[in-house]
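Below, each value reflects all heavy atoms present in this structure, side chains not excepted, and no hydrogens, waters or symmetry copies. Order of the sequence lines sets the chain letters (A, B, ...), proteins ahead of strands, with each chain counted from 1.
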Amino acid sequence: MRLQRARGHAVRAHFYVDDTGRQTAIAAFGYQLLGEPVPSEKPDHWIGKVYTVSSAIVEVLSAKEKLQSTPEGEDAAKLRSNIDEWMSVLSEQARLSPDLTDALSKAMAGIETPQESISRLISEYEEGRPLAKRAIRKMVDYCLSGFKETLGRAGIHIDSFDYESDLLWDDSVGALLDSLEGSKYVAHDGRAMIFDVDAAANDFGLKEILGVQKSHVLPRLVLTRRDGTTLYVTRDLAYSLKKLDRADRVLNVIGTPQTLAQLQLKVVLYALGYKKVLEQIHVPYEQVELPTGSMSGRRGHYVAFDSILDEAKSRAKPEVAKRNPEMSAEVTSELAEKISVAAVRFALVGVGASKKILFTWDRVLDFEANSGPYALYTFSRANSILQKSGKVADSIEPDFGALKLPDEHRLAVLCARLPENVAFAADTFRPEVLSEYVMRLCDVFNSYYGKAPVLGAPTAELKDARLVLVRMVHVTLRSAFSMLGVPVPQRM
RNA sequence: GGGCCCGUGGCCUAGUAUGGAUAGGGCGGCGGCCUGCGGAGCCGCAAGUCGAGGGUUCAAAUCCCUCCGGGCCCGCCA
């Protein structure tokens with residue numbers, strides 16, 4: 001987003017709050033049973049636990065219930081292993097947060113059919129019933145307040161949080177369904193509405209435009225269930241219309257598993273006459289994996305972003321203190337925070353989005369391998385040279401002819417290439433292009449001032465010219481950092 | 001079965017859009033550099049059949065084909 005802005009676009013960041021799904025309802029169900037309390041810790045973390053525990057209990061209870069009406073055999077064995085699996089999730093949670101697990105277990109023990117209660121909660125929420133609405137929104141907003149805090153910490157600002165439920169309540173989904181009703185690509189099966197994506201794509205010649213082989217048959221898209229209720233994609237279609245209405249161009253930053261769904265969505269909207277949907281671009285990224293497998297909130301297998309920042313910070317602190325013994329604890333902590341944000345942002349942004357990232361603490365916390373601290377270090381060295389010169393580099397009228405070293409030439413050229421790198425990175429949605437550029441500039445600069453003294457240059461002309469060069473690097477790095485969302489320290 | 005993505009020294013990664021010279025970096029390993037702007041740094045060394053095989057070309061990590069390995073998707077889930 002910062003990159004697009006730097007490119008000259010007017011950008012608004014929207015965060016889609018998927019609050020109508022089963023996940024949310026499970027968490028909200030648990031939340032209701034607990035009496036809708038104020039979270040006792042960082043709200044998003046706490047609600048995450050409520051979700052994991054609730055979900056596990058529900059899984060166990062319903063598997064047990066099913067087991068009673070299942071004859072011995074393969075099915076029963078499967079149910080048993082299911083129970084075992086969720087019991088182990090539960091005992092893990094009991095170890096981590098005994099009070100919460102205990103409270104939820106007690107509260108749910110009396111519920112005969114939790115799955116049904118949850119389904120009821122979902123439909124009540126979708127209909128906008130006050131009780132369901134109050135409970136779920138309350139919980140969701142607690143959760144979002146936690147998100148906002150964390151995102152703010154990492155320097156990420158969201159302009160608007162868009163609730164999926166609003167699309168149902170303000171009837172944008174209903175309007176969409178009405179407009180689909182007349183389409184010749186729509187077929188019905190009971191109250192279910194099914195869209196023939198392949199036929200539409202062929203008729204409008206979209207396969208070629210969207211980069212799909214003609215022989216590849218696109219799967220149909222179910223827009224409403226047999227009972228008439230809507231699905232995630234249906235809401236997403238309505239949401240896309242809203243977005244397209246408000247912007248010239250829409251960038252959907254969504255994981256790579258959504259690729260097909262994004263394609264289908266485009267075909268449906270195009271067939272409805274919204275040709276502008278081709279200006280909606282899917283910017284995919286691969287998910288971060290844990291060594292133990294994919295992250296799973298349901299199973300309580302995840303690493304919270306906060307804990308990454310926290311760990312990085314606690315790792316940075318002693319390093320900062322070692323180098324700056326005179327610094328107050330407060331300033332040390334502030335600096336450590338900046339360094340950890342830089343480290344984490346560089347780590348995430350520095351790898352192409354098509355590469356899967358395997359998360360290990362080892363790698364995230366390795367400040368030697370991590371380019372963030374290195375880049376900040378380089379910047380603060382440049383800064384320090386400028387400070388010590390006692391001059392305002394911008395007011396010097398240097399004789400650039402004095403600069404004869406190859407590295408000096410390279411630095412000047414490299415700095416001049418910031419704009420083209422920004423343009424390329426922004427246009428291809430690849431921030432790593434910019435972080436690669438920053439690293440290259442840092443490498444050359446570090447090597448340069450290692451062998452060419454600036455303040456101790458042999459002649460005054462050379463010193464001035466070098467100072468201006470250092471200033472160029474300084475300014476260039478600062479711009480690049482701001483586009484990458486990396487905070488800049490004056491020293492470190 | 002079909003579609004998409006990834007495969008570059010022990011590990012991570014750039015380069016693939018627009019084919020060009022000894023395939024850049026980093027981590028780890030080894031060896032140097034603090035009487036000169038802060039050593040989160042600098043200098044050097046070892047380590048590569050660019051997944052494999054064909055093809056196009058004067059020239060292929062890059063383009064085409066086939067295959068192998070890994071991942072994702074093809075739900076009236078979200």
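Residues A:Tyr285 and A:Ile254 approach most closely at CE2-C, 3.3 Å, considering heavy atoms.
Base engagement by A:Pro453 is indicated by at least one non-hydrogen atom pair under 4.0 Å involving a base atom. Contact annotation for A:Arg440: no contact, since no heavy-atom pair falls under 4.0 Å across all strands. Counting any heavy atom pair closer than 4.0 Å across all strands shown, A:Arg430 reaches sugar-phosphate atoms only and no base atom. Counting any heavy atom pair closer than 4.0 Å across all strands shown, A:Thr259 reaches no nucleic acid atom. Within 4.0 Å (heavy atoms only), A:Gly255 reaches no atom of the nucleic acid at all. Within 4.0 Å (heavy atoms only), A:Gln213 reaches sugar-phosphate atoms of the nucleic acid but no base atom. Note on A:Ser380: a base of the nucleic acid sits closer than 4.0 angstrom, heavy atoms only. Looking at heavy-atom distances under 4.0 Å, A:Met492 makes contact with a base. Among the heavy atoms of the strands, none lies under 4.0 Å from A:Ala342. No engagement by A:Tyr448 is indicated, since no non-hydrogen atom pair under 4.0 Å with the nucleic acid exists. Across all strands shown, A:Ile339 has heavy atoms under 4.0 Å from base atoms, whether or not it also approaches the sugar-phosphate. In this structure, A:Leu455 reaches the bases: a heavy-atom distance under 4.0 Å links it to at least one base atom across the strands shown. Looking at heavy-atom distances under 4.0 Å, A:Lys356 makes contact with a base. Using a 4.0 Å heavy-atom distance criterion, A:Gly21 is classed as a sugar-phosphate-only contact.
In this structure, of B:C77, B:A17, B:C37, it is B:C77 that holds the atom nearest to the side chain of A:Arg225. Of the listed nucleotides (B:G26, B:C12, B:G41), B:G41 has the atom at the smallest distance from the side chain of A:Tyr449. In the set B:C12, B:C37, B:C43, the nucleotide with an atom closest to the side chain of A:Ser447 is B:C43.
Not one side-chain nitrogen or oxygen of A:Lys451 sits closer than 4.0 Å to the OP1 or OP2 atom of B:G36. Phosphate proximity of B:C76 to A:Arg220: present, with a side-chain N or O under 4.0 Å from OP1 or OP2. Proximity of A:Thr229 to the phosphate of B:C76: no side-chain N or O atom is located under 4.0 Å from OP1 or OP2. Phosphate proximity of B:C73 to A:Gln264: absent, as no side-chain N or O sits under 4.0 Å from OP1 or OP2.
Pair assignment for B:C27: B:G10, on the basis of Watson-Crick or G-U wobble contacts that are both within less than 3.5 Å. Across all strands shown, nothing is found opposite B:C37 as a Watson-Crick or G-U wobble partner with both distances under 3.5 Å. With a cut-off of 3.5 Å on both pairing distances, B:A21 has no Watson-Crick or G-U wobble partner at all. Base pairing of B:C63: its partner is B:G55, meeting the Watson-Crick or G-U wobble criterion (both donor-acceptor distances under 3.5 Å). When both pairing distances are held under 3.5 Å, B:C4 makes a Watson-Crick or G-U pair with B:G71.
A:Ile357 has its CD1 atom 14 Å from the C1' atom of B:G71, to the nearest Å. Look at NE2 on A:His216: it is 15 Å from P on B:C73, rounded to the nearest Å. One atom, OH of A:Tyr125, and another, P of B:A78, lie 15 Å apart when rounded to the nearest Å. The CD atom of A:Glu436 sits 5 Å away from the C1' atom of B:A14 (whole-angstrom rounding). Protein atom OH of A:Tyr437 is 17 Å distant from nucleotide atom P of B:G15, rounded to whole Å. One interatomic measurement links the two molecules: CD1 of A:Ile254 to C1' of B:C73, which rounds to 14 Å at whole-angstrom precision. We find that CD of A:Glu286 is positioned 11 Å from P of B:G7, with the value rounded to whole Å. One can place CD1 of A:Ile194 at 12 Å from P of B:G75, the figure rounded to the nearest angstrom.
Each of A:Val222 and A:Met439 was matched to the nucleotide of RNA chain B holding its nearest heavy atom; the match closer to the 5' end belongs to A:Met439. Sequence order on RNA chain B of the closest nucleotides to A:Gly456 and A:Val217 puts A:Val217 first from the 5' end.
Between atom OG1 of residue A:Thr24 and atom CD1 of residue A:Ile118 there is a gap of 11.5 Å, rounded to the nearest 0.5 Å.
Contact annotation: side chain of A:Thr256 to base of B:G71, donor-acceptor pair absent below 3.5 Å. In this model, no side-chain donor or acceptor of A:Asp227 finds a partner on the base of B:C76 within 3.5 Å.
You'll find the side chain of A:Arg137 reaches within 4.5 Å of the side chain of A:Asp19, heavy atoms only.
By the 4.0 Å N-to-carboxylate-O rule, A:Arg220 lies too far from A:Asp198 to be salt-bridged with it. Ion pair A:Lys184/A:Asp196 not flagged as a salt bridge, since none of the NZ, NE, NH1 or NH2 atoms sits closer than 4.0 Å to an Asp/Glu carboxylate oxygen.
Remark: the separation of the C1' atoms in B:G28 and B:U13 is 15 Å, to the nearest Å. Nucleotides B:C11 and B:C50 place their P atoms 15 Å apart, quoted to the nearest Å. The separation of B:G53 from B:U8, taken at their P atoms, amounts to 16 Å, rounded to a whole angstrom. Comparing the C1' positions of B:G36 and B:G41 gives an interatomic distance of 15 Å, to the nearest angstrom. Rounded to whole Å, the C1' atom of B:G48 lies 15 Å from the corresponding atom of B:A14. B:G54 and B:G32: their C1' atoms are spaced 48 Å apart (whole Å). When the C1' atom is compared between B:C30 and B:A21, the two are found 30 Å apart, to the nearest whole Å. A distance of about 7 Å separates the C1' atoms of B:C63 and B:G19, rounded to the whole Å.
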### Message
Please determine whether side-chain contact (heavy atoms from CB on, under 4.5 Å) holds for the pair A:Val438 and A:Phe346, giving the CA-CA distance in whole Å, both sets of side-chain angles, and the decisive distance to 0.1 Å.
### Response
CA-CA 10 Å; A:Val438 165; A:Phe346 260 89; 4.1 Å; yes
### Task
Please lay out, stage by stage, how A:Lys243 and A:Asn252 fare under the test side chain to side chain donor-acceptor pair (under 3.5 Å).
CA-CA 10 Å; A:Lys243 289 186 284 190; A:Asn252 280 338; 2.8 Å; yes
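B:C34 has its base syn relative to the sugar, with a glycosidic angle deviating from 0 by at most 90°.
Checking each of A:Asp166, A:Leu144, A:Asp162 against A:Val17 for a side chain to side chain contact (heavy atoms under 4.5 Å, CB included) leaves exactly one that passes, namely A:Leu144.
Aromatic ring pairs are classed by plane angle as parallel below 30°, tilted from 30° to 60° and perpendicular above 60°; the pair A:Phe161 and A:Phe15 is tilted.
Atom NE2 of A:His188 is surrounded by more than 12 heavy atoms from other residues, nucleotides or ligands within 6.0 Å.
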